[in-house]
Novice: 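Structure incoming, see below.
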Amino acid sequence: MDLHDSNLSMAEWEILIHSAESGEVSEALENVYRDKGNSFDVIFVGGGAGGRFGSAYSQARGLRQLVIDRWLFLGGSCPHQACVPHHLFSEAAREMDYMRWNSDTLWFPKFEEDRASIVDMIELFKKGRNNAHAFMNWQSKEQLDMEYILNAEATVIDKNTVEVNGERFTTKNIVLGTGTRTYLPPGISGLDKAGVYDFATLIDPGLDYEPTSCVIIGGSKVAMEYGSFYQATGCHTTILTRSPLMRTHSLHHVDEDLRTYVVDNMRLRGMNIIEGCTPLEVVGDERATGVRVRLADGTERVIETDFVFIGTGERPNTKPFVDALGIDVDEKGFVKVNARMQTSIPGVYAIGDIIGSPMEMFKARKCGMTAARNISGEPFEFDFSQYPDFLHTTYEVTWVGLTEDEAREAYGDISVIQMPPKGIRNEEISLPLAEGSMLYAFTRPELTGFQKAIYDNKSRRLLGAHHVGFGAKDAFQYLDHLIKKGITIDEMGEMNELFLNPEHFIQLSRLRAGQEHLIDL
Ligand SMILES: Cc1cc2nc3c(=O)[nH]c(=O)nc-3n(C[C@H](O)[C@H](O)[C@H](O)COP(=O)(O)OP(=O)(O)OC[C@H]3O[C@@H](n4cnc5c(N)ncnc54)[C@H](O)[C@@H]3O)c2cc1C
Ligand SMILES: NC(=O)c1ccc[n+]([C@@H]2O[C@H](COP(=O)([O-])OP(=O)(O)OC[C@H]3O[C@@H](n4cnc5c(N)ncnc54)[C@H](OP(=O)(O)O)[C@@H]3O)[C@@H](O)[C@H]2O)c1
């Protein structure tokens, strides 16, 4: 369907995507300047976060770009199956948690677990997600003037040729951004049984029954976030994790005090967390009835459940590109690139999840931009080794910079400012009183969060910040920048906080900034 000369409104886009989704429209949706021919400066294979942002940047730099996606929309997995549903579920988890702690007090109704349905939330998401998809298609065409072909698989023929529905397009450069999918560890049998889901199959085709319990395999972000949501709905959840939670290699700079607060609070909400174990098999005939696991002490047991959820990380499918182009990949299949996103084949770039960790939106988008800058003749390197990070439980957990242990090891003479202060139990103090926890201050002080800032005493520079609570995520994006710029405790004390939270990093720093030799607070 050639959409080049039509100016679909947002609402029309949404209807079109719904029709294509239901199979009424099966052809490709294209916005291509056919009068300019089939040759491009750059073709983006995959229009996810990386491909869309790279395309926008290329277009802005005067390159003729084409982006191809097999889905009906640009934007990729994030708004379709990954980040957006995760944020919806995490917000729901937080709301349900709040309702539970306050159940039948003040004006709060009694929390009715029967109404907390996982299936309902999935349906809600699926009904609404095409609005975001419509927006990205609309914006990419009407505001960003990007050329694209959607609902069509791209096949890379060679480093200058990409085929779509039998038609060949030539290009000076190719950018690979086809993302990843859930890794199913070969050592765990039975993962193909009914009742076993991952973040993608949970949405498409979707969970079609209300589970009575859940067993999660994996112990990183996906496991913690989805597990916290399931538990909040009343679906009793067990996490089977090999490494301690938040100690997987994909998460760096996780402070031990922060980790303890987070994991203790997951347990406080009733989650069963089994660390140091080896999941072996999903048991059951055709349908999962449990997971057989070897515990840390070497014994085996079966944990019964009607819902198994996999959070064992991601892998790309790069074989077609290796076959067609001979690009170098690592032992897990991730494409090897340099800091300019160049692969081993000149003129071929790779961006986003397909190049490996960290698999986060900022990286995918900025990889796309980096490839575009280099293709447009502007040498540019992207260092994503240090970045602010977060995950959700029923809390928002955010961190940036060094942990206390890392800072002590690297700098020796450091000071730590934290709330609750060391030696004071969370139950004893209704602080840090993170945004949205004012009621807890007067009912359950131990639920009001945790925070820590670390300074180098010699340079007085902020080395790291760690927060459990709500409402701090935005601040951490800027703190990351300020840490890289070398912000000191004195400059922190000069900042103007919006009283009340989560401004403690500023006001607590100010309380210590007068000292010549800093000490803990
Ligand atoms: C459950 C979950 C939650 C997440 N939450 C967050 C979060 O809160 N914050 C955050 O920063 N990150 C989050 N992430 C990570 C984030 O989703 C990814 O880092 C990001 O989407 C990667 O973008 P990408 O462009 O590399 O790949 P994708 O967005 O996956 O895009 C790849 C695109 O390539 C297309 N494609 C594949 N093969 C072909 C082909 N042959 N032809 C045409 N098109 C093709 C696909 O259709 C897809 O649109 C989450 C990930 C998961 C799994
Ligand atoms: N920003 C966000 O909020 C957000 C949210 C969700 C996902 N994401 C991103 O999406 C990606 C996927 O997340 P993820 O949590 O699935 O993956 P991940 O961070 O790569 O962690 C994989 C988990 O699976 C475990 N695992 C792997 N193989 C296993 C096996 N054979 N047996 C038992 N356990 C095994 C790992 O254990 P070990 O530690 O022992 O190896 C680890 O706990 C990550 O890169 C993440 O950053 C981001």
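We count ligands from 1, going down the list as the structure has it; atoms in each ligand are counted the same way. Sequence positions, counted from 1, serve as the residue numbers for this chain.
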Novice: Between Y387 and H253 (judged by ring centroids, cut-off 6.0 Å), do the two rings come close enough to count as a pair?
Specialist: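 So the answer is no for these two rings.
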Novice: List the atom of R168, the atom of T161, and the distance in Å for their closest heavy-atom pair.
Specialist: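 In terms of heavy atoms, the two residues are closest at CD-CG2, 3.9 Å.
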Novice: To the nearest 0.1 Å, how far is atom 15 (C) of ligand 1 from its closest protein heavy atom, and which atom is that?
Specialist: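 Its nearest protein heavy-atom neighbour is M359 O, 3.3 Å.
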Novice: Are any of the N/O atoms on D353, whether in the backbone or the side chain, positioned under 3.5 angstrom from an N/O atom of ligand 1?
Specialist: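 Among all N and O atoms of D353, at least one is under 3.5 Å from an N or O of ligand 1.
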Novice: Counting both backbone and side chain atoms, is some N or O of G219 under 3.5 Å from an N or O of ligand 2?
Specialist: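 Yes.
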Novice: For atom 49 (O) of ligand 1, what is the nearest protein heavy atom, given as residue, atom name and distance?
Specialist: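 Going by distance alone, atom 49 (O) of ligand 1 is nearest to D69 OD2, 2.6 Å.
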Novice: Between V222 and ligand 1, does any nitrogen or oxygen pair lie at a separation below 3.5 Å?
Specialist: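 No: no nitrogen or oxygen of V222 is under 3.5 Å from one in ligand 1.
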Novice: Nearest protein heavy-atom contact for atom 51 (C) of ligand 1: which residue, which atom, what distance?
Specialist: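 Going by distance alone, atom 51 (C) of ligand 1 is nearest to A82 CB, 3.8 Å.
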Novice: Do F307 and Y230 have ring centroids that are under 6.0 Å from one another?
Specialist: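 Y230 vs F307: aromatic centres under 6.0 Å.
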Novice: Starting from atom 20 (C) of ligand 1, what is the nearest protein heavy atom, named by residue and atom, and what distance separates them?
Specialist: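 Here the closest protein heavy atom is M361 SD, 3.6 Å.
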Novice: Name the closest protein heavy atom to atom 30 (O) of ligand 1, giving the residue it belongs to and the distance to 0.1 Å.
Specialist: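 Sorting protein heavy atoms by distance from atom 30 (O) of ligand 1 puts S77 OG, 2.8 Å first.
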Novice: Provide the number and element of each atom of ligand 1 under 4.0 Å from a heavy atom of F390.
Specialist: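 The atoms of ligand 1 under 4.0 Å from a heavy atom of F390 are 7 (C), 8 (O), 9 (N).
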Novice: Is the closest heavy-atom distance from P85 to ligand 1 below 4.0 Å?
Specialist: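 In this structure, P85 fails to qualify as a contact of ligand 1 - no heavy atom is under 4.0 Å.
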Novice: Going by the ring pair (Phe, Tyr, Trp, His ring centres under 6.0 Å) test, name the single residue among Y226, F229, F390 that passes it with H87.
Specialist: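 Result: among Y226, F229, F390, F390 is the only option passing the ring pair (Phe, Tyr, Trp, His ring centres under 6.0 Å) with H87.
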Novice: Tell me which protein heavy atom sits closest to atom 23 (O) of ligand 1, plus the residue, atom name and distance to 0.1 Å.
Specialist: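 The closest heavy atom on the protein side is A364 CB, 3.5 Å.
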Novice: Please state which part of Y387 comes within less than 4.0 Å of ligand 1, counting heavy atoms only: side chain, backbone, both or neither.
Specialist: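 Neither; nothing of Y387 gets under 4.0 Å from ligand 1.
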Novice: Is there at least one pair of N or O atoms, one from V222 and one from ligand 2, spaced under 3.5 Å apart?
Specialist: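 Among all N and O atoms of V222, at least one is under 3.5 Å from an N or O of ligand 2.
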Novice: Ion pair present between R259 and E256, side-chain N to carboxylate O less than 4.0 angstrom?
Specialist: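 A salt bridge links R259 with E256.
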Novice: Any donor-acceptor pair under 3.5 Å linking the side chain of T318 with the backbone of G333?
Specialist: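 Answer holds: yes.
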Novice: Without swapping roles, check the side chain of N160 against the backbone of T171 for a donor-acceptor pair under 3.5 Å.
Specialist: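 Yes, the answer is positive, given that a donor and an acceptor are paired below the 3.5 Å cut-off.
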Novice: Side chain, backbone, both or neither: which applies to A154 and ligand 1 if a contact is any heavy-atom pair less than 4.0 Å apart?
Specialist: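 Both of them.
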Novice: Counting non-hydrogen protein atoms only, what is the nearest one to atom 31 (O) of ligand 1? Give residue, atom name and distance.
Specialist: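 The answer is G48 CA, 3.3 Å.
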Novice: Determine, for D41 against R64, whether the closest basic-nitrogen to carboxylate-oxygen distance falls under 4.0 angstrom.
Specialist: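 No, D41 and R64 are not salt-bridged.
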Novice: Going by distance only, is there an N or O of G313 that falls short of 3.5 Å from an N or O of ligand 2?
Specialist: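 Checking ligand 2 against G313, an N or O pair does fall under 3.5 Å apart.
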Novice: Is it the case that E304 and S213 place a side-chain donor and acceptor less than 3.5 Å from each other?
Specialist: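 Their side chains do not contain a donor-acceptor pair, so the 3.5 Å distance test is not met.
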Novice: Does any N or O of ligand 2 fall below 3.5 Å from an N or O anywhere on S220, backbone included?
Specialist: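 Yes, at least one N or O pair falls under 3.5 Å.
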Novice: Is the shortest side-chain N to carboxylate O distance from R129 to E21 below 4.0 Å?
Specialist: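 Yes, R129 and E21 are salt-bridged.
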Novice: Please classify the S250 to ligand 2 contact at 4.0 Å (heavy-atom distances, strictly less than): side chain, backbone, both or neither.
Specialist: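 Within the 4.0 Å criterion, S250 contacts ligand 2 through side-chain atoms alone.
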Novice: For F390, counting its heavy atoms only, list the atoms of ligand 2 lying under 4.0 Å from any of them.
Specialist: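 Selected atoms, number and element: 1 (N), 2 (C), 3 (O).
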Novice: Taking only heavy atoms of G50, which atoms of ligand 1 are found under 4.0 Å from at least one of them?
Specialist: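 Reading through ligand 1 atom by atom, the close ones are 25 (O).
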Novice: What part of E225, side chain from CB on, backbone N/CA/C/O, both or neither, has a heavy atom under 4.0 Å from ligand 2?
Specialist: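 Contact part for E225 vs ligand 2: side chain (C-beta onward).
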Novice: Taking atom 36 (N) of ligand 1 as the point of reference, which of T178, I68, L150 owns the nearest heavy atom?
Specialist: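 Looking at heavy atoms only, T178 sits closest to atom 36 (N) of ligand 1.
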Novice: Okay, side chain of K336, backbone of T343: is any donor-acceptor separation there less than 3.5 Å?
Specialist: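 No.
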Novice: Under a 4.0 angstrom heavy-atom cut-off, which atoms of ligand 2 come close to E360?
Specialist: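 Those of ligand 2 that fall under 4.0 Å from E360 are 1 (N), 2 (C), 46 (C), 47 (O), 48 (C).
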Novice: Scan the side chains in residues 180-190 for donor-acceptor partners under 3.5 Å anywhere in the protein, sequence neighbours excluded, and list what turns up.
Specialist:
residue, atom, partner, partner atom, Å
T180, OG1, E314, OE1, 2.8
T182, OG1, D198, OD2, 2.7

Novice: May I ask you to decide if F169's main-chain N or O and N38's side chain share a donor-acceptor pair within less than 3.5 Å?
Specialist: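 No; judged by distance alone, with no hydrogens or angles, the pair does not exist.
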Novice: Taking only heavy atoms of G352 into account, list the atoms of ligand 1 that are under 4.0 Å away from them.
Specialist: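 That gives atoms 26 (O) of ligand 1.
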Novice: Among all protein heavy atoms, pick the one closest to atom 14 (N) of ligand 1 and tell me residue, atom and distance.
Specialist: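 Protein heavy atom at minimum distance: C83 SG, 3.7 Å.
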Novice: Out of G177, G76, G46, indicate the one that has the non-hydrogen atom closest to atom 32 (C) of ligand 1.
Specialist: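 When every heavy atom of G177, G76, G46 is considered, G177 comes closest to atom 32 (C) of ligand 1.
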Novice: Do we see a donor-acceptor contact under 3.5 Å between the side chains of Y33 and D145?
Specialist: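 Result is yes, a qualifying pair exists.
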Novice: Counting only nitrogen or oxygen atoms and a 3.5 angstrom limit, does E360 reach ligand 1?
Specialist: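 N/O-N/O distance below 3.5 Å exists for this pair.
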Novice: Can an N or O of F199 be found at a distance shorter than 3.5 Å from an N or O of ligand 1?
Specialist: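 No, since none of the N or O atoms of F199 sits under 3.5 Å from an N or O of ligand 1.
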Novice: Could you tell me whether the side chains of N131 and E14 share a donor-acceptor contact shorter than 3.5 Å?
Specialist: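 Yes.
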Novice: Determine yes or no for a side-chain-to-main-chain donor-acceptor pair under 3.5 angstrom, with H392 supplying the side chain and F89 the backbone.
Specialist: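 Absent.
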Novice: Run the numbers on T403 and D405 for side chain to side chain donor-acceptor pair (under 3.5 Å), then give the verdict.
Specialist: CA-CA 5 Å; T403 67; D405 289 345; 5.5 Å; no
Novice: Backbone or side chain, does any N or O of T248 fall under 3.5 Å from an N or O of ligand 2?
Specialist: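 Looking only at distances, the answer is yes, because the N/O contact criterion of under 3.5 Å is met.
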Novice: May I ask you to identify, for P185, whether its side chain, its backbone, both or neither come under 4.0 Å of ligand 2 on a heavy-atom basis?
Specialist: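 Under 4.0 Å from ligand 2, P185 contributes side-chain atoms alone.
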Novice: Whether R247 and E275 form a salt bridge (side-chain N of Lys/Arg under 4.0 Å from carboxylate O of Asp/Glu) is what I want to check.
Specialist: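 No, this pair does not count.
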Novice: Tell me the contacting part of H86 for ligand 1: side chain, backbone, both, or neither, using a 4.0 Å heavy-atom threshold, strictly below.
Specialist: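 The part of H86 near ligand 1 is the side chain, not the backbone.
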Novice: Backbone, side chain, both or neither: what part of H87 comes under 4.0 angstrom of ligand 1, heavy atoms only?
Specialist: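 Answer for H87: side chain.
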Novice: Please check if the side chain of Q231 supplies one atom and the backbone of T237 the other of a donor-acceptor pair under 3.5 Å.
Specialist: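 Confirmed, Q231 side chain pairs with T237 backbone.
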Novice: At a non-hydrogen distance cut-off of under 4.0 Å, which region of A152 contacts ligand 1 (side chain, backbone, both, or neither)?
Specialist: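 Backbone only; the side chain of A152 stays clear of ligand 1.
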Novice: Looking only at N/O atoms, are R70 and ligand 1 under 3.5 Å apart anywhere?
Specialist: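 Yes, R70 has an N/O under 3.5 Å of an N/O on ligand 1.
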Novice: List every atom of ligand 2 that sits less than 4.0 Å from any heavy atom of S243, numbering the atoms from 1 in the order shown and giving each element.
Specialist: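 Taking each heavy atom of S243 in turn, ligand 2 has 38 (P), 39 (O), 40 (O) under 4.0 Å.
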Novice: Quick one: look at E314 and ligand 2, take heavy-atom pairs under 4.0 Å, and tell me if it's side chain, backbone, both or neither.
Specialist: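 Side chain only.
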Novice: State if G311 counts as touching ligand 2 under the rule of any non-hydrogen atom under 4.0 Å.
Specialist: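 Judged by the 4.0 Å heavy-atom criterion, G311 does count as contacting ligand 2.
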Novice: Which residue supplies the protein heavy atom nearest to atom 27 (C) of ligand 2, what is that atom called, and how far is it?
Specialist: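 It is T312 O, 3.6 Å.
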Novice: Can you check whether I174's main-chain N or O pairs, donor with acceptor, with K159's side chain at less than 3.5 Å?
Specialist: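 No, K159 side chain to I174 backbone: no donor-acceptor pair under 3.5 Å.
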Novice: Where the side chain of N137 meets the backbone of L72, is there a donor-acceptor pair that is under 3.5 Å apart?
Specialist: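 Yes, because the side chain of N137 sits within donor-acceptor range (under 3.5 Å) of the backbone of L72.
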Novice: To which of R242, K221, M359, H392 does the heavy atom nearest atom 41 (O) of ligand 2 belong?
Specialist: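 The nearest heavy atom belongs to R242.
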Novice: Examine D389 against ligand 2 and note whether any of their N/O atoms are separated by less than 3.5 Å.
Specialist: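 Between D389 and ligand 2, no N or O pair is found under 3.5 Å apart.
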Novice: Look at K221 together with D389 and state whether they make a salt bridge at an N to O cut-off of under 4.0 Å.
Specialist: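 Yes.
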